[in-house]
**Q** 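Sending over a structure as structure tokens; questions will come in a sec.
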Amino acid sequence: MGSTLIAIGAGIAVLTGAGAGVGIGIATSKAAEAIARQPEAEGKISRNLLLGCALAEATAIYGFVIAVLIIVFLQ
Amino acid sequence: MLEELNSETVFTIPVFNGISISESVVVTWIIMVMLILISILIVKNLNIQNISKRQIILEEVINRINEFLYGILGDAGKQYIPYLVIILFYLVFANTIGILGFKPPTKDLNVTAALSLMSIILVEYAGIRKKGGKKWIKSFTNPIAIITPFNILEIFIRPLSLCMRLFGNILGSFVVMELIKILIPVVIPVPFSLFFDIFDGVIQAYVFVFLTSLFIKEAIE
């Protein structure tokens, strides 16, 4: 019983990945549009995209870290 | 699987009740030796005329990195570039050393915590040095006085998020790689290793250095 609940908890924690996925998707689509409109600014755009993706991805990473902590410490 | 999370103690130095040396420290020593050897070997026989291919590549890479960091920091933060470059090289080696069969030291939370502590100390030092003590304390009330608590919280949140981002990414790719290796041990892990070990590792090293330099830029403005 206990291990089932722990597994469910870890699974719920990893759901944070959904938000990060949506965020990175929107950011990438906008970046593609921006590059299509202004190809000469590609360097700056992709630099900003990378930064934004890293920041958006952080939430997914936090979810993952929490899931790992749940599994490790609640066993 | 779960014992992969803990960094094992490799050996113990028998002084002061025994100092335990963990695996990440040993791998860091290996990286240090590699970096030192590479930097000694690669700068041999550098010329002004008739330059070799090796020198062209070396100059190109170093110039690119320097120009990129200079573009962010500007003249005021020029003296912090060497530190950021060495952190970048260390992180690139540390994140991609999984290819050689070592455990990446950045998979250990203590390593990333130390790196982010160094970063935040450098950021605040840069701010104090540029503005002077009084102005630095005053800068916490920017832009309005009511957000001072958030500005103070930021000192703790920034290193925490830097540390957790690096640690989580490397640990995540390590766990996924181990799972793939258990599932299908031949051929299939190669393209995944290209992505998780090389691409992700380099991107995370870049992001760490990029964010640190952005924070420094913000502190010295």
Side-chain angles (χ1 to χ4, degrees), chain A residues 2-32 34-35 38 40-75, chain B residues 1-7 64-65 67-72 88 91 95 106-109 112-113 116 154 157-179 195-196 199-215 217-218:
Chain A
S3 63
T4 322
L5 282 179
I6 289 169
I8 292 172
I12 292 172
V14 167
L15 281 183
T16 47
V22 172
I24 293 173
I26 293 173
T28 310
S29 83
K30 294 287 179 194
I35 290 173
Q38 237 176 342
E40 63 271 18
E42 195 193 337
K44 274 184 184 171
I45 292 169
S46 51
R47 197 193 294 167
N48 278 322
L49 172 68
L50 215 55
L51 177 68
C53 284
L55 292 177
E57 195 191 40
T59 56
I61 296 300
Y62 298 153
F64 169 71
V65 170
I66 296 294
V68 168
L69 292 182
I70 287 174
I71 293 173
V72 171
F73 286 110
L74 290 186
Q75 250 182 1
Chain B
M1 197 66 223
L2 281 174
E3 56 265 22
E4 302 279 8
L5 289 177
N6 314 323
S7 57
R64 282 263 175 97
I65 296 173
E67 265 170 27
F68 166 72
L69 287 172
Y70 184 81
I72 298 171
L88 179 70
L91 280 179
N95 294 347
T106 34
K107 192 177 72 65
D108 189 348
L109 186 55
T112 59
S116 54
E154 210 159 54
I157 291 170
R158 276 174 174 177
L160 185 71
S161 91
L162 270 181
C163 157
M164 280 302 172
R165 178 178 302 120
L166 189 56
F167 165 71
N169 265 296
I170 303 305
L171 181 67
S173 58
F174 181 81
V175 169
V176 172
M177 276 311 294
E178 290 295 314
L179 285 177
F195 177 79
F196 285 118
F199 182 71
D200 198 38
V202 173
I203 290 284
Q204 286 314 312
Y206 167 80
V207 165
F208 189 93
V209 171
F210 186 48
L211 284 178
T212 306
S213 54
L214 271 187
F215 294 158
K217 166 77 182 159
E218 210 186 310

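We name chains A, B, ... by the order of the sequence lines, and we start the count at 1 in each one. Any value given below was found using the heavy atoms of this structure, including those in side chains, with hydrogens, waters and symmetry copies removed.
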**Q** How far apart are the closest heavy atoms of Met164(B) and Ile61(A), and which atoms are they?
**A**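 Closest heavy-atom pair between Met164(B) and Ile61(A): O-CG2, 3.5 Å.
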**Q** Taking atom CZ of Phe199(B) as the centre, does the number of heavy atoms from other residues, nucleotides or ligands within less than 6.0 Å exceed 12?
**A**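 Open.
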**Q** Compare every heavy atom of Ser161(B) with every heavy atom of Tyr62(A), then report the nearest pair and how far apart it is.
**A**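 For Tyr62(A) versus Ser161(B), the nearest heavy atoms are OH-CB, 2.8 Å.
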**Q** Side chains of Leu214(B) and Leu51(A): does their closest heavy-atom pair fall under 4.5 Å?
**A**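 The answer is yes, as the side chains (C-beta and beyond) meet within the 4.5 Å cut-off.
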**Q** Calculate, to the nearest 0.5 Å, the distance between atoms CZ and CD1 belonging to Arg47(A) and Ile72(B) respectively.
**A**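 Answer for the CZ-CD1 pair, Arg47(A) versus Ile72(B), is 6.0 Å.
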**Q** Please say which of Asn169(B), Ile203(B), Val207(B) ends up in a side-chain contact (heavy atoms from CB on, under 4.5 Å) with Glu57(A).
**A**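 Option passing the side-chain contact (heavy atoms from CB on, under 4.5 Å) with Glu57(A): Asn169(B).
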